[in-house]
Amino acid sequence: NVISASDQGIQVTTGTNVKIRGNFIGTDPTGLMARPNASDGIDNFSSASTWSDVTQNLISGNTGQGINAISGSVSGASGDLIIAGNYIGVDRTGTSALPNGGNGINFVAGRWSGVTIGGTTAADRNVISGSGTNGITLTGVSNITILGNYIGTDATGLMAIPNGGRGIAMSASSAINLGDGSSGGRNIMSGNAAHGLFMSEVSDAN
C-alpha cells in the first residue's frame with residue numbers, strides 16, 4: 001500500500017494481532033519522493049492489546065514522527081511487538097535522506113513489555129536515519145530491546161545520513177537492552193548531529 005498525503009498515515013488505538021507490513025507511508029509510489037502525511041507515519045499504539053509486527057515498511061517523508069507509540073502497554077512474552085526491517089527517514093534505496101519531521105521511532109509513557117526494535121540478522125535491521133530530531137526516543141518506558149539497527153547511516157552502514165538530534169535518546173526509562181553482544185545484534189549509531197547515545201535518569205540499561 002501507498003499511504004500518503006493524509007492527516008496520519010496509519011492510526012491504531014486498540015487491536016489484536018496487528019500486522020503492518022510492506023507499505024510505503026509518506027512517500028510517492030516510487031519510494032523516492034516525499035508525499036507527507038500531515039502528522040505521523042504510524043501513530044498511537046495506545047491501549048493496543050496484542051501485536052505481531054511492524055515490518056518491511058518504508059516510513060519516510062512524514063511531517064511528524066515516523067512511528068509514534070504513546071501511553072500504552074503491550075504485555076506478554078518477549079517478542080510480542082517486533083519492529084524490524086523498516087526504512088525510516090530514508091528513501092527505498094536506503095542511500096538518501098527522506099526525512100520525517102520528528103523522531104524516527106518515539107515511545108512515550110507506557111510499559112512496553114516484549115518489544116524488539118531490530119534483530120540479529122540483516123533482514124531484521126531497521127535503518128533509522130535522516131529524522132528531524134532523534135533516531136529513537138524513549139521517554140518513561142520500560143522493557144524495550146534494540147538490536148542490530150543502523151541509526152544515522154545509510155543502509156550499508158558506511159555513509160552518514162544524520163538524524164538531526166541524537167541517535168538514541170532515553171530518559172526516565174528502565175530495563176532497556178541495547179544489543180546482545182553478537183556482531184549481528186550490535187547497533188551502529190554514527191553520523192548523528194548530537195550524541196550517538198544519550199541517557200538521563202535511566203536504570204537497568206544493558
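Values reported hereafter were calculated over all heavy atoms of this structure, with side chains retained and with hydrogens, waters and symmetry mates removed. Predicted model, so just to flag it, every value in this text is computed and none were measured.
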Colleague: Do you know the tightest heavy-atom contact between S4 and G26?
Modeller: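 It is OG-N, 3.2 Å.
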
Colleague: What residues, two or more places apart in sequence or in another chain, satisfy side chain to side chain contact (heavy atoms under 4.5 Å, CB included) together with T133?
Modeller: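 N103.
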
Colleague: For S129 and G152, work out which heavy atoms get closest and say how close.
Modeller: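 Heavy-atom minimum between the residues: OG-N, 3.0 Å.
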
Colleague: Rounded to the nearest 0.5 Å, how far does CD1 of I161 lie from CG of D154?
Modeller: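 Interatomic distance, D154 CG to I161 CD1, rounded to 0.5 Å: 5.0 Å.
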
Colleague: I88 pairs by side chain to side chain contact (heavy atoms under 4.5 Å, CB included) with which of N100, L58, I151, N149?
Modeller: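 Answer to the side chain to side chain contact (heavy atoms under 4.5 Å, CB included) test with I88 among N100, L58, I151, N149: N100.
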
Colleague: Name all pairs fulfilling the salt bridge (Lys or Arg N to Asp or Glu O under 4.0 Å) condition that reach into residues 184-205, sequence neighbours left out, sorted by first residue then second.
Modeller: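 Of all non-adjacent pairs touching residues 184-205, none passes salt bridge (Lys or Arg N to Asp or Glu O under 4.0 Å).
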
Colleague: Please name the pair of heavy atoms, one in P36 and one in G61, separated by the smallest distance, quoted to 0.1 Å.
Modeller: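 Residues P36 and G61, closest heavy atoms: CB-O, 3.1 Å.
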
Colleague: Are any non-hydrogen side-chain atoms of K19 and T55 less than 4.5 angstrom apart?
Modeller: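 When only atoms from C-beta onward are counted, T55 and K19 do not touch, as no gap falls below 4.5 Å.
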
Colleague: Grab the two heavy atoms, one from A160 and one from G191, that are nearest each other, plus how far apart they are.
Modeller: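 Closest approach of A160 to G191, heavy atoms only: CB-CA, 4.1 Å.
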
Colleague: Using side chain to side chain contact (heavy atoms under 4.5 Å, CB included) as the criterion, point out the one residue from L138, I136, I59 that pairs with I105.
Modeller: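 Testing I105 for a side chain to side chain contact (heavy atoms under 4.5 Å, CB included) against L138, I136, I59 leaves exactly one candidate, I136.
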
Colleague: Return yes if some donor-acceptor pair links the side-chain N/O of T27 with the main-chain N/O of R35 below 3.5 Å, else return no.
Modeller: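 No, because the side chain of T27 does not come within donor-acceptor range (under 3.5 Å) of the backbone of R35.
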
Colleague: Under 4.5 Å between any side-chain heavy atoms of D180 and T120, yes or no?
Modeller: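 Answer yes - side chains close enough.
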
Colleague: Under a 4.5 Å cut-off applied to non-hydrogen side-chain atoms, are I83 and F107 in contact?
Modeller: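 SC-SC contact between I83 and F107 confirmed.
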
Colleague: Check for me whether R92 meets the cation-pi criterion with F24, that is, NZ or CZ under 6.0 Å from the six-membered ring centre and within 45 degrees of the ring axis.
Modeller: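 No; the conditions do not both hold, so R92 does not lie above the ring face of F24.
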
Colleague: Determine, using the 4.5 Å side-chain heavy-atom cutoff (strictly less than), whether V54 and I168 are members of one ILVMFWY cluster.
Modeller: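 Yes.
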
Colleague: Would V115 and L147 show up in the same hydrophobic cluster when neighbours are defined by side-chain heavy atoms closer than 4.5 Å?
Modeller: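 No: no chain of side-chain contacts under 4.5 Å links V115 to L147.
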
Colleague: Looking at T63 and N37, would you say the former's side chain and the latter's main chain have a donor-acceptor pair under 3.5 Å?
Modeller: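 A pair under 3.5 Å: yes.
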
Colleague: How long is the gap from CD1 on I67 to CD1 on I128, to the nearest 0.5 Å?
Modeller: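 Spacing of CD1 (I67) from CD1 (I128) equals 7.5 Å.
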
Colleague: The criterion is side chain to side chain contact (heavy atoms under 4.5 Å, CB included); which residues satisfy it with D91, sequence neighbours excluded?
Modeller: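 Here the qualifying residues are L32, T93, T95, S96, L98.
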
Colleague: Are I117 and I176 co-members of a hydrophobic cluster defined by side-chain heavy atoms under 4.5 Å apart?
Modeller: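 Yes; tracing contacts between hydrophobic side chains, which count when under 4.5 Å, links both residues.
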
Colleague: State plainly whether one hydrophobic cluster holds both V202 and V141, where clusters connect Ile, Leu, Val, Met, Phe, Trp and Tyr through side-chain heavy atoms under 4.5 angstrom apart.
Modeller: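 In one cluster with V202: V141, yes.
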
Colleague: Check whether any side-chain N or O of N192 sits under 3.5 Å from a backbone N or O of P162 as a donor-acceptor pair, and report yes or no.
Modeller: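 No, N192 side chain to P162 backbone: no donor-acceptor pair under 3.5 Å.
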
Colleague: Between L178 and M170, is there a side-chain heavy-atom distance shorter than 4.5 Å?
Modeller: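 When only atoms from C-beta onward are counted, L178 and M170 do touch, with a gap below 4.5 Å.
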
Colleague: Distance only, no hydrogens: is a donor on one side chain within 3.5 Å (strictly under) of an acceptor on the other, for D43 and Q11?
Modeller: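 Distance-only check passes for D43 and Q11.
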
Colleague: Hey, does the side chain of D124 reach the backbone of A84 with a donor-acceptor pair shorter than 3.5 angstrom?
Modeller: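 Such a contact is absent between D124 side chain and A84 backbone.
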
Colleague: I need the minimum non-hydrogen distance between G104 and S131, along with the two atoms involved.
Modeller: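 Closest approach of G104 to S131: N-OG, 3.2 Å.
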
Colleague: Of all residues at least two apart in sequence or in a different chain, which pass the salt bridge (charged side-chain N to carboxylate O under 4.0 Å, His left out) check with R21?
Modeller: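 If we apply the salt bridge (charged side-chain N to carboxylate O under 4.0 Å, His left out) test to R21, skipping adjacent residues, the hits are D53.
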
Colleague: Who are the side chain to side chain contact (heavy atoms under 4.5 Å, CB included) partners of I10, not counting sequence neighbours?
Modeller: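 With neighbours one apart ignored, the set is I3, V12, I20, I25, I42.
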
Colleague: Examine distances only and state if a side-chain atom of D40 and a backbone atom of G66 form a donor-acceptor pair shorter than 3.5 Å.
Modeller: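 No, D40 side chain to G66 backbone: no donor-acceptor pair under 3.5 Å.
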
Colleague: Of all heavy-atom pairs between R166 and N163, which one has the smallest distance, and what is that distance?
Modeller: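 Scanning both residues completely, I find the closest heavy atoms to be O-CB, 4.1 Å.
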
Colleague: What distance do Q65 atom CD and N134 atom CG have between them, rounded to the nearest 0.5 Å?
Modeller: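 Spacing of CD (Q65) from CG (N134) equals 9.5 Å.
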
Colleague: Is there a path of hydrophobic side-chain contacts, each under 4.5 Å between heavy atoms of I, L, V, M, F, W or Y residues, that connects I144 with L197?
Modeller: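 Result: yes, single cluster for both.
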
Colleague: Per the ring pair (Phe, Tyr, Trp, His ring centres under 6.0 Å) rule, what does the pair list look like for residues 181-206, sequence neighbours excluded?
Modeller: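 Output for this query lists H195-F198.
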
